[in-house]
Structures are given as C-alpha cells and as structure tokens.
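Below is one structure, written out as structure tokens, with a few remarks after it.
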Amino acid sequence: MDNMDNEQMKKLAKYIAEDLTKRIYGIANPGNENNDMMWYADRDDDHMVGELARLMTLLNLYQDREEYEKCHLINKHIKKLEKIIENL
C-alpha cells in the first residue's frame with residue numbers, strides 16, 4: 001500500500017465499492033436466473049416504499065390476530081418510515 005498514491009487508492013476503493021454493490025443488489029450476473037441471490041431495490045425511495053408495504057402487511061396480520069402490542073410497535077415504525085419517505 002505504500003507504493004500507491006492517493007488517486008490509485010481512490011480508484012481501488014471505487015472498484016471494490018462497485019463490485020460489492022453489484023453483489024449485494026444481485027446484478028453481478030444478470031443473465032443467471034438460477035442463482036439464490038436476494039434482490040433489492042436500487043433506489044432508496046423504492047426500498048423505503050417496499051419496507052412500508054411490508055410493515056403494513058404485518059400490521060394487518062397482527063390486527064387480524066388481535067396482537068395489539070405488536071400493532072403498536074409496527075405502527076411506530078410505520079410513522080418513522082413515512083417521515084423518511086416524505087423527506088426523500
């Protein structure tokens with residue numbers, strides 16, 4: 001690492017970050033449909049809306065089961081997430 005200048009380290013860091021992002025978001029092998037990778041939204045606002053939908057689904061399940069303590073906790077998370085989405 002002593003032989004690398006600042007610019008070379010930035011390029012290496014960028015390459016590593018891009019590679020990790022591709023692996024995390026499941027786009028490293030787009031032609032391979034048989035892989036077991038998880039897929040995530042590539043934009044923060046899409047991810048937040050998906051998380052909001054998941055929480056609302058859980059809220060409905062807990063309401064049907066009359067698990068109101070869980071409903072209260074989920075509702076708190078929903079309100080925090082709605083504020084985040086409003087600010088995006």
Side-chain angles (χ1 to χ4, degrees):
M1 288 290 181
D2 292 335
N3 297 336
M4 294 180 75
D5 64 17
N6 211 16
E7 195 62 35
Q8 289 173 324
M9 284 196 282
K10 285 181 183 179
K11 285 181 181 178
L12 178 61
K14 183 179 178 184
Y15 172 78
I16 291 171
E18 287 174 356
D19 188 55
L20 287 173
T21 301
K22 287 177 183 176
R23 290 181 189 195
I24 290 169
Y25 289 110
I27 56 175
N29 297 315
N32 185 2
E33 296 177 8
N34 295 326
N35 60 16
D36 294 331
M37 298 176 84
M38 300 240 345
W39 290 89
Y40 297 93
D42 59 349
R43 292 177 34 186
D44 286 342
D45 54 340
D46 292 342
H47 181 73
M48 293 297 170
V49 170
E51 180 65 10
L52 183 61
R54 184 184 77 83
L55 289 173
M56 291 178 147
T57 300
L58 285 173
L59 182 64
N60 287 336
L61 288 171
Y62 293 147
Q63 285 174 341
D64 290 344
R65 295 180 191 162
E66 298 180 358
E67 297 178 22
Y68 298 116
E69 292 166 1
K70 290 180 182 178
C71 288
H72 175 70
L73 294 173
I74 293 289
N75 228 355
K76 286 171 59 175
H77 287 290
I78 288 173
K79 289 181 182 184
K80 287 179 188 177
L81 198 55
E82 285 175 338
K83 287 181 183 177
I84 291 171
I85 291 172
E86 286 175 9
N87 293 326
L88 287 177

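FYI, the numbering just counts along the sequence from 1.
Residue Leu12 holds its CG atom at 12.5 Å from NZ of Lys14, rounded to the nearest 0.5 Å. Note that the CD1 atom of Ile84 and the CD atom of Glu86 stand 10.5 Å from one another [nearest 0.5 Å].
The shortest non-hydrogen separation linking Leu52 to Leu81 is N-CD2, 3.4 Å.
With sequence neighbours excluded, no residue forms a side chain to side chain contact (heavy atoms under 4.5 Å, CB included) with Leu73. Looking at residues two or more places apart in sequence or on another chain, you find a side-chain hydrogen bond (donor to acceptor under 3.5 Å, both in side chains) between Glu51 and Arg54.
A side chain to side chain donor-acceptor pair (under 3.5 Å) check over residues 59-78, counting only residues at least two apart or in different chains, returns the pairs Glu67-Lys70.
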